[in-house]
Every structure is written in structure tokens, then in C-alpha cells.
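Each chain gets a letter, A, B and so on, in the order the sequences are listed, and its residues count up from 1. For clarity, every value in this text was computed on a predicted model and none was experimentally measured.
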2 protein chains.
Amino acid sequence: MTLAAPPQVAAPSGAASSASSQPGFCPVYRAIGVLQEKWVLHIVRALLDGEKGFNELARAVGGCNSATLTQRLEHLETLQLIGKRTEDTHGKLARSVYSLTPAGRELQGVIQAIDMWAREHLQEDEARLEGQSGCGSAV
Amino acid sequence: MTLAAPPQVAAPSGAASSASSQPGFCPVYRAIGVLQEKWVLHIVRALLDGEKGFNELARAVGGCNSATLTQRLEHLETLQLIGKRTEDTHGKLARSVYSLTPAGRELQGVIQAIDMWAREHLQEDEARLEGQSGCGSAV
DNA sequence: GCAAGCGCTTTAAATTGTCAAGCGGTGTAA
DNA sequence: TTACACCGCTTGACAATTTAAAGCGCTTGC
């Protein structure tokens, strides 16, 4: 069962340390909620490298399927972390280009923190091979 | 930004080029894979606040159900990010206590980055309310 | 005795993510 | 002219993950 904690969970005071949130809005909690959606961090990371088209992004992210990607991009767009622009190349080819908004770009700090941590603590301990693969970029 | 970024990204992924073999192995990619599992960041955040028992942790995390929590804890344990200790309080009550290992504790940097970002960009501009709630602890 | 807390496990649904395929359009090569 | 190959997606069926709900064995406190 779900222990206690109705939707209103969080720090029932008991949680020792610091302040408790007031009206129940906690930015960090929310941020984690967004960032832990599958592929979100990968998408941000890929876009930190520069704006990209749909398929291009899909390739860069590596392994995300189009349906999920579409959905994620929509979500990130409503959150204003990424922006979508339809560029009209010369004649008629309409290409969609996704890029980070300023807010999204600031997630770079998060990615960097992860990168730093990963390099130090995830080197080769595998133990669990989840079939992930390379990536290529460096931060 | 600093991302060097050889676009030659992750595996062919969806594609089929079974490159198999030993793919690049990219720590960051892997790290993201772990951190984006639901509840993982919440768990780490809760534990940064000090070691906790199972139910206690569940309450601190807020909203994760026991089955998932058990599974996540197992995974994190095999990854050596958290440790489990069964403490034998005086007489007979066996209580399990979970705490971060040194490697896990260093995720603090990641949490902090998220926290910082969240406070700055997620204040309450949300257009979407996902019914999340408070959190309580500070980083 | 009995409710309540502890650390979990089990079972069946609901939610999410994925595969595979396809649609309308364009650029390129045969 | 007819293929393909690539673009940006969408759809529908299916698998994986997460969830609620309940329960088990055990201990503590009233």
C-alpha cells in the first residue's frame, strides 16, 4: 500500500530538518517530476549541442521512438523549456527545428553535474547492463 | 555551451545495425538512464537528509508505493548508491535502514543543481498542474 | 485483546513507453 | 518516370512499468 501520504505528501513535519513548504508547491519536487520523465534529460543534452530537427534529434538522443519523442517535445514546449520553429528553407521544404529556451539552456548545470558524477562513479561498475550504449558528446 | 558533441551519437538504437559488440559505454548516458527512473531522485534527495527506514523513506519521498520503492531500492543497492543495514534494536525488532553510500552522497551536486534551477525557473509559471505537492527538505 | 507500526510481497488494473507501419511531401538518382 | 530515401510526424496494437489495495509475520503500547 501506499504509506500514508495522500497526494499531499511530502514532509509531514516529522521529516526532521528544515522548513516545510507552505501551500504545497515545491519547485524541486516538480522539477524532479519533469526531469525524470523518460528521455527528457537526453533530449536536453542533445539540444545543448545546438538546435535540431525531429529526426536529427531522435538520432542524437539515441533510441527514443518517434511517438514518445513527439509527446516529450510537446510537454517540454508547454513547460517552455524548448521552442519549436518551423523554418521555411528556400523553396518549400518545411523543417521543424527544436531548440532550448533560456530556461531550458540553464539545465546545462544539471547535465554537467550528472556528467561529472557519472565520470567519477559510474566508470565501469556495470553490474547491470541495460543495453544502453554510447553517446558521444562530452560536456 | 560546452558540449563538444560529436553528433555520432548513441547506438543506432532503433535502427538495426546491431553494432552490438562493446558500444562506446558512455557514463553520462548511463547515469541519465538511472536517474530518470521514477522516484530515484526523490529517494536520493530524501536520503541526503539522513538515513531512513522503509516506511519512513516512503513518507519522505511522498507518493511512491511500496512495491516500486522496494524495487528501486534494490536497484540502487546493486548500483552501490545506497546501502541497506538491518539494525537490531535491543530486543528483537529488526529495522531496515537505508542510507547513501559515498557515491550516492555525491549525487548531492546533481540534486543541488536541480534545486537551483527549479527555484529559478519553475517558481509557479506552470501551465500544467500535475498534482505534485510539497517536499519539505532543503538540500 | 486489539489497534497500530514495522518491512515488505502479491495480484490485478491503470498508466507509460515501444514497435512497426504509414501518410503526405520533397530531393535525388536511375 | 519511377523509384527510393529522408523529412516530420500519427496511429494502433502491444509490452513494460507503476499503482492501489490488500495482506503477512512480527512487535509495541494501551
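Here B/Asn55 does not reach the OP1 or OP2 of C/dG5: none of its side-chain N or O atoms lies under 4.0 Å away. For B/Arg72, no side-chain nitrogen or oxygen approaches OP1 or OP2 of D/dT17 to under 4.0 Å. Contact between the side-chain N/O atoms of A/Arg95 and the OP1/OP2 oxygens of C/dG25 is not found at any separation under 4.0 Å.
Distance from the side chain of B/Asn65 is smallest for D/dA20 among the nucleotides C/dT18, C/dG7, D/dA20. Which of C/dG7, D/dT18, D/dC9 sits closest to the side chain of B/Lys38 comes down to D/dT18. Each of C/dC19, D/dC7, D/dC9 was ranked by its minimum atom distance to the side chain of A/Arg59; first place goes to D/dC7. Candidate nucleotides C/dC8, D/dT19, C/dG17 were compared by shortest atom distance to the side chain of B/Thr70, and C/dC8 ranks first. Closest contact between the side chain of A/Ala67 and the listed nucleotides C/dC19, C/dC8, C/dG7 involves C/dC19. For A/Phe54, taking side-chain heavy atoms from C-beta onward, the closest of the listed nucleotides D/dG8, D/dT19, C/dC8 is D/dG8.
Between the CD atom of B/Glu56 and the C1' atom of C/dC8 there is a distance of 16 Å, given to the nearest Å. Rounded to whole Å, the distance from CG on B/Leu69 to C1' on D/dT19 is 13 Å. As a whole-Å value, the separation of B/Trp39 CH2 from D/dT17 P is 17 Å. If you measure from atom CZ of A/Arg85 to atom P of D/dC9, you get 13 Å, rounded to the nearest angstrom. Protein atom NZ of B/Lys84 is 13 Å distant from nucleotide atom C1' of C/dC6, rounded to whole Å. Counting to the nearest Å, the C1' atom of D/dA16 and the CD atom of B/Gln71 are 11 Å from each other. One can place OH of B/Tyr98 at 11 Å from C1' of C/dC6, the figure rounded to the nearest angstrom. Distance, A/Glu37 CD to D/dT17 C1': 14 Å, rounded to whole Å.
If you check every strand for non-hydrogen atoms under 4.0 Å, A/Ser96 touches sugar and phosphate atoms only.
In plain terms, the two heavy atoms of B/Gly104 and B/Val44 that are nearest each other are O-CG1, 4.3 Å.
Under a 3.5 Å cut-off, the side chain of B/Tyr29 and the backbone N or O of A/Gly62 do form a donor-acceptor pair. Side chain of B/Thr86 to main chain of B/Ser96: no donor-acceptor pair is present (N/O by atom type, distance under 3.5 Å, no hydrogens or angles). The backbone N or O of A/Val97 sits nowhere less than 3.5 Å from a side-chain atom of A/Arg85 that would complete a donor-acceptor pair.
For a distance-only test at 3.5 Å, the side chain of B/Ser66 qualifies as a donor-acceptor partner of the base of C/dT9.
Once rounded to the nearest 0.5 Å, the distance linking CG of A/Leu41 with CD1 of A/Ile111 reads 5.0 Å.
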